Amino acid sequence: MKKTWMASALMAIPLTLASGHSFALEGGKTPLTVERLYSSPALAGASPRGLKLSPDGKRVTYLAGRKDNQYFYDLWQMDVATGQVSLLLDASRLEAGELSDEEKARRERQRVYGQGIMEYFWADDSQALLIPAAGKLYYFSLADAKVTLLPTGDAFATDAKLSPKGNFVSFVAEQNLYVLQLKDHKLTALTQDGGGAIKNAMAEFVAQEEMDRMTGYWWAPDESAIAYTRIDESGVELVTRNEIYADGIKLTEQRYPYAGKPNVEIALGVVSLASGKTQWMDLGSEKDIYLPRVKWLPDSKHLSFQWQNRSQQQLDLRQVDSREGKGAVTLVSERSDAWVNLNHDLYFLKQQPGFIWASERDGFNHIYLFDDKGKVKRQLTQGKWVVDEIEHLDEKQGWVYFSGRKDSVVERHLYRVSLNGGEIERISRRGGMHNAVFADKESVYLDYFNSLSQPPQVSLHNQSGEHLAWVEENAVKAGHPLYDYAGLWQLPEFGTLKAKDGKALQYRLFKPVNFDSKAKYPVVVRVYGGPHAQLVVNSWSEQDYYTQYLLQQGFAVFQLDNRGSAHRGTAFEQVIYRHLGEAEVEDQKTGVDFLRTLPWVKADSIAIYGHSYGGYMALMSLFKAPDYFKAAISGAPVTDWALYDTHYTERYLGHPDDNARGYEASSVFPYVSEYGSGLLMYHGMADDNVLFENSTRVYKALQDEGKLFRMIDYPGSKHSMRGDKVRTHLYRSLTDFLETELKGN
């Protein structure tokens with residue numbers, strides 16, 4: 001379960017951004033309307049996505065939505081030497097077409113939404129780009145700006161890649177892996193048995209949704225071979241779902257791995273491009289496993305893979321000779337009494353034997369240097385704070401660049417540390433959230449920066465953090481889409497509360513526009529509450545647009561990151577192990593206890609609102625603590641964890657056979673009878689992640705109890721509730737509900 005659009009994803013500024021009264025940005029004071037929140041042009045202004053630096057470091061490229069349609073993306077560039085920005089490729093030059101069902105599902109897993117150019121790949125020589133679009137592949141030459149449609153056949157091509165040296169294009173079609181030689185356009189099927197329950201080079205559902213692995217194949221650095229997965233889904237329960245649309249019902253068959261039920265059987269092979277033959281890797285005798293990561297070593301002969309057992313309490317980094325497939329050696333083995341979190345932080349060194357690996361073995365995610373046998377040489381970072389991820393390894397200069405929370409848990413900064421260890425140097429300077437993209441061959445990086453007071457900006461820096469140029473300054477000034485509304489934009493107060501076990505809980509509190517300390521205001525508690533998520537941050541998020549609208553309607557908005565949420569270390573996260581909805585609800589109650597101490601809060605008019613895990617939290621909070629919350633809005637909630645997938649659910653609750661009591665206590669159904677009034681639920685009727693059945697079961701249980709509630713179901717909508725019309729109707733409905741329940745309007 002990833003965070004969705006309802007639950008968002010930095011020198012530091014004081015985190016009492018607004019103390020005692022509310023601040024707004026500079027600009028006009030035009031009131032927001034629900035219709036304006038997500039219409040074009042985007043309120044955030046020019047917010048590029050898909051940021052990349054060409055391998056030679058001479059061009060910055062990015063995708064930008066159009067002013068008249070923020071969800072239609074063209075490819076833009078900036079010349080690093082001159083700073084000149086220009087349109088590189090108009091997406092209208094590519095053929096439009098319908099997406100395959102597989103690609104629609106893949107984009108839903110990626111949380112990607114839009115049209116035009118959605119992804120692109122640089123050739124290693126920086127002279128060309130590969131651009132997938134609607135199942136077709138295009139080769140764009142920068143020398144003559146020529147777009148060539150590649151002959152990939154009639155099937156829908158997905159998960160396309162340029163080979164490391166740029167001689168081949170690879171892709172998946174009809175559940176098989178193909179390569180196209182660019183020199184002579186020779187097309188070769190490297191696998192042929194794909195079809196039905198057999199999928200080659202494709203990531204299974206839980207890999208995409210829960211492991212952040214969106215691919216099922218990996219090129220060897222020298223282009224001699226490709227490692228790929230072969231999954232057999234025949235043992236996974238085949239579910240016939242009714243996807244309900246406005247004009248009919250579509251019966252969809254989906255192999256959904258419910259908690260406690262069988263997963264796919266997975267194999268890992270290496271196919272030689274010269275012979276076309278596959279050598280299968282020995283993954284061990286245990287078959288009920290996960291394969292979250294695969295990565296080649298620089299020699300193109302040895303392959304690493306991360307092996308995870310079903311309980312997710314063991315994660316091994318193993319290495320095998322790809323030519324033999326046998327005798328895999330375990331380099332690192334991580335263990336936990338609860339679960340081991342996954343990350344992408346594995347870097348094999350090229351100039352000396354060894355590798356970089358991130359681990360939570362001391363309770364916080366930190367970076368370690370290992371020798372090539374798997375022995376720790378030194379811990380490069382340490383302390384009661386977490387590394388977010390390794391951003392870049394400059395082996396020549398001896399630096400590891402990483403993002404983390406060393407200075408503030410609510411901000412993300414860029415740092416570097418020497419491979420020899422020593423002091424950590426902070427590179428980023430402004431308070432907020434920094435995401436870095438480094439060039440492969442030049443000492444520059446892109447900083448994608450945002451904060452509560454600044455929509456996303458993109459700037460170019462050298463590796464010491466010095467600002468070189470703006471790619472997109474995106475300043476909120478006259479002419480910016482936000483400017484007319486910015487004078488009413490509110491910044492929150494940050495603070496800390498204590499949980500029952502003494503752990504510190506971060507919160508942020510937005511006061512209404514034109515705040516009057518002598519008045520009484522209703523409060524909306526906006527919640528996610530689940531693992532791997534954090535709401536209390538100094539970050540720009542389009543999820544806050546509706547918060548700003550509520551502030552203008554006379555509501556206060558409160559957010560608290562309860563135990564179980566991210567970036568606080570394992571002791572903070574793993575409190576929830578084997579029993580969900582207990583510590584999280586208690587912490588949200590602590591937040592309400594605090595709100596009730598504020599003289600301007602209308603203590604009997606507090607609602608809770610969330611989507612996905614937040615929807616689950618809204619139900620659990622209203623059902624288990626009805627004296628704390630007058631109303632709740634629950635969007636697309638998990639209601640019975642037996643209805644959710646294996647990898648996510650069993651990570652936190654264990655296997656149903658070993659924790660039946662925990663599953664029952666973590667479900668909403670034992671608490672339905674405690675519900676009195678004030679519930680609104682909504683769900684997409686074609687949701688293939690949190691299945692619609694989660695909500696319909698609650699509907700039936702409440703109806704059987706004779707309980708009154710509201711429900712809004714959206715034909716054709718998936719879990720992310722995309723589309724301007726859907727969101728406009730949804731937010732108007734939520735506002736009407738809150739006005740009625742909290743104000744009596």
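These numbers were taken from a predicted model, which means no experiment stands behind them.
The two residues Tyr445 and Ala436 make their nearest non-hydrogen contact at CD1-CB, 3.9 Å. Residues Pro637 and Asn694 approach most closely at O-CB, 3.1 Å, considering heavy atoms.
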* Worked check of side-chain contact (heavy atoms from CB on, under 4.5 Å) between Met681 and Leu619 -> CA-CA 9 Å; Met681 296 181 66; Leu619 284 176; 4.2 Å; yes
* Any chance you could lay out the side-chain contact (heavy atoms from CB on, under 4.5 Å) test for Met620 and Val668, step after step, and finish with the verdict? => CA-CA 6 Å; Met620 292 292 272; Val668 306; 3.7 Å; yes
* **Phe558 and Tyr507: CA distance, side-chain angles, deciding distance, ring pair (Phe, Tyr, Trp, His ring centres under 6.0 Å) verdict** => CA-CA 7 Å; Phe558 179 78; Tyr507 74 82; 5.5 Å; yes
* Check the pair Asp74, Ile117 against side-chain contact (heavy atoms from CB on, under 4.5 Å), reporting the backbone distance first and the verdict last. => CA-CA 6 Å; Asp74 299 306; Ile117 301 173; 5.6 Å; no
* **Stepwise salt bridge (Lys or Arg N to Asp or Glu O under 4.0 Å) test for Arg66 and Asp90** => CA-CA 11 Å; Arg66 297 178 176 179; Asp90 187 324; 2.9 Å; yes
* Between Lys718 and Asp687, is a salt bridge (Lys or Arg N to Asp or Glu O under 4.0 Å) present by the stated rule, with each step listed? -> CA-CA 4 Å; Lys718 298 286 188 179; Asp687 194 332; over 6 Å; no
* Asked: Passes side-chain contact (heavy atoms from CB on, under 4.5 Å), Leu460 versus Trp470? Steps please.
  -> CA-CA 6 Å; Leu460 184 69; Trp470 286 110; over 6 Å; no
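When ring centroids are compared, Tyr731 and Tyr549 stay outside the 6.0 Å threshold. For His611 and His719, the ring centers are positioned less than 6.0 Å apart. In summary, the aromatic rings of Phe555 and Phe510 are positioned with their centroids too far apart to meet the 6.0 Å limit.
Here Glu35 does not pair with Arg727 in a salt bridge; the nearest charged N to carboxylate O distance is not below 4.0 Å. Between Arg508 and Asp544, at least one side-chain N (NZ, or NE/NH1/NH2) sits under 4.0 Å from a carboxylate O, which counts as a salt bridge.
Contacts of Asp713 classified as side chain to side chain donor-acceptor pair (under 3.5 Å), with partners at least two apart in sequence or in another chain: Tyr699. Looking at residues two or more places apart in sequence or on another chain, you find a side-chain contact (heavy atoms from CB on, under 4.5 Å) between Val592 and Arg596, Ile606, Tyr628, Phe629. When the side-chain contact (heavy atoms from CB on, under 4.5 Å) test is applied to Lys707, the partners found at least two apart in sequence or on another chain are Tyr675, Leu702, Glu705.
Classified by interplanar angle (parallel below 30°, tilted 30° to 60°, perpendicular above 60°), the ring pair Trp489/Tyr545 is perpendicular. Note: Tyr613 and Tyr528 have tilted aromatic rings, judged against thresholds of 30 and 60 degrees for the angle between ring planes.
Lys630 contributes a side-chain N or O that, together with a main-chain N or O of Glu741, makes up a donor-acceptor pair within less than 3.5 Å.
Atom CG of Leu468 sits in a crowded spot, with more than 12 heavy atoms from other residues, nucleotides or ligands closer than 6.0 Å. Atom NZ of Lys520 has more than 12 neighbouring heavy atoms from other residues, nucleotides or ligands inside a 6.0 Å radius. Shown here is Asn514, whose CG atom has no more than 12 heavy atoms of other residues, nucleotides or ligands within 6.0 Å.
A cation-pi arrangement is not found for Lys503 relative to Phe572, the charged atom failing to lie both closer than 6.0 Å to the ring centre and inside a 45° cone about the ring normal.
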